[in-house]
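Reading through the structure tokens given below for one structure.
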Amino acid sequence: MVRLAIFASGTGSNFEAIVHAEKNGGMPFTCALLVCDQPQAAVLVKADKAGVPSVVFEPKAFDDKAAFEQAIRAALEEHNIEFIALAGYMRLIGPTLLNSYEGKIVNIHPSLLPAFPGLNAVGQALQAGVKVTGVTIHYVDSGMDTGEIIAQQAVPVSDNDTEESLRKKIQAVEHTLYPETLANLLQSCEK
Ligand code: GRF
């Protein structure tokens, strides 16, 4: 079993979907740690309920990003984490973590990258009037949603879609695509 850490800042519906997939069996990973940067985030309650250990690190408690990420790295080492999945983690990963987990950090983004990177990808897609958007899972590099693409799935945009309705459709796709993609990726690393 590959020991996976999930990084999240908010609601945690993807966290929940990945944990759920693990509980259903047959996954080559175990969700061994949640890393969160927001003490009030709903994902912390979900982790508690699921029995997944969590740690909270707030950047403001540290002198700089390197010190912040060194604290996270120490927690990852303590929990023997081998691979990291970002799921609604609202921060760029810096060199401290990128160098320690090279090629072992992935992210999910609610658009067909390279279209609509950054914040509010769903709103950006609606604004642009595209007929198709979707979900991308990619490796994380130092840029904003720029790493190598691993998997994508399209989601059609209807004329009457609102940000809320489109987000719902996208999230439904995310909740199956993320666990499946992690399973495919980690199958080959399983011990
Ligand atoms: C997801 O739509 C994901 O693509 C984006 O942030 C959102 C997180 O949602 N990176 P949740 O916290 O998993 O519900």
Side-chain angles (χ1 to χ4, degrees), residues 4-24 27 29 31-50 52 54-58 72 83-94 97-98 105-128 130 132-157 161-185:
L4 177 69
I6 299 173
F7 284 34
S9 306
T11 314
S13 68
N14 280 284
F15 168 83
E16 202 166 40
I18 295 165
V19 168
H20 196 245
E22 180 199 339
K23 299 246 184 300
N24 280 344
M27 290 289 149
F29 58 79
C31 298
L33 187 66
L34 168 71
V35 175
C36 184
D37 59 347
Q38 301 286 340
Q40 307 302 332
V43 67
L44 288 166
V45 179
K46 292 187 166 90
D48 241 22
K49 281 195 182 139
V52 176
S54 57
V55 287
V56 180
F57 294 104
E58 284 188 278
I72 295 177
F83 202 90
I84 297 169
L86 310 184
Y89 183 67
M90 303 306 284
R91 272 172 211 290
L92 285 177
I93 301 294
L97 286 175
L98 281 176
I105 310 178
V106 297
N107 180 43
I108 187 162
H109 185 76
S111 75
L112 293 176
L113 290 171
F116 315 128
L119 289 178
N120 194 16
V122 179
Q124 290 186 57
L126 274 182
Q127 197 67 38
V130 293
V132 177
T133 182
V135 176
T136 302
I137 294 162
H138 63 94
Y139 285 108
V140 171
D141 62 14
S142 58
M144 170 86 81
D145 305 319
T146 48
E148 185 194 333
I149 291 170
I150 303 163
Q152 290 188 305
Q153 192 170 323
V155 174
V157 183
D161 261 330
T162 60
E163 230 175 274
E164 198 193 338
S165 65
L166 185 55
R167 181 167 291 112
K168 267 196 188 143
K169 287 197 275 186
I170 286 176
Q171 289 222 322
V173 169
E174 290 186 336
H175 297 163
T176 54
L177 189 66
Y178 213 0
E180 269 173 27
T181 303
L182 286 169
N184 289 336
L185 275 179

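Start at 1 and go down the list; that is how both ligands and their atoms are numbered. Keep in mind that this is a model prediction, so the values were computed, not measured.
- Two residues are said to be in side-chain contact when any heavy atoms from C-beta on lie closer than 4.5 Å; Val52 and Ile6 fail this criterion.
- When side chains are defined from C-beta on, Pro110 counts as touching Glu174, because their heavy atoms get closer than 4.5 Å.
- Ligand 1 lies under 4.0 Å from heavy atoms of Thr11, Gly12, Ser13, Asn14, Gly88, Ile108, His109, Pro110, Gln171, Glu174.
- Applying the salt bridge (charged side-chain N to carboxylate O under 4.0 Å, His left out) criterion to Asp37, with sequence neighbours excluded, gives Arg91.
- Taking both residues in full, the closest heavy atoms of Pro156 and Leu166 are given as O-CD1, 4.3 Å, listed atom of the first, atom of the second, then distance.
- Residues that satisfy the side chain to side chain donor-acceptor pair (under 3.5 Å) test with Thr136, not counting sequence neighbours, are Gln152.
- Residue pairs meeting the side-chain hydrogen bond (donor to acceptor under 3.5 Å, both in side chains) criterion with at least one partner in residues 110-122, sequence neighbours excluded, are His109-Ser111.
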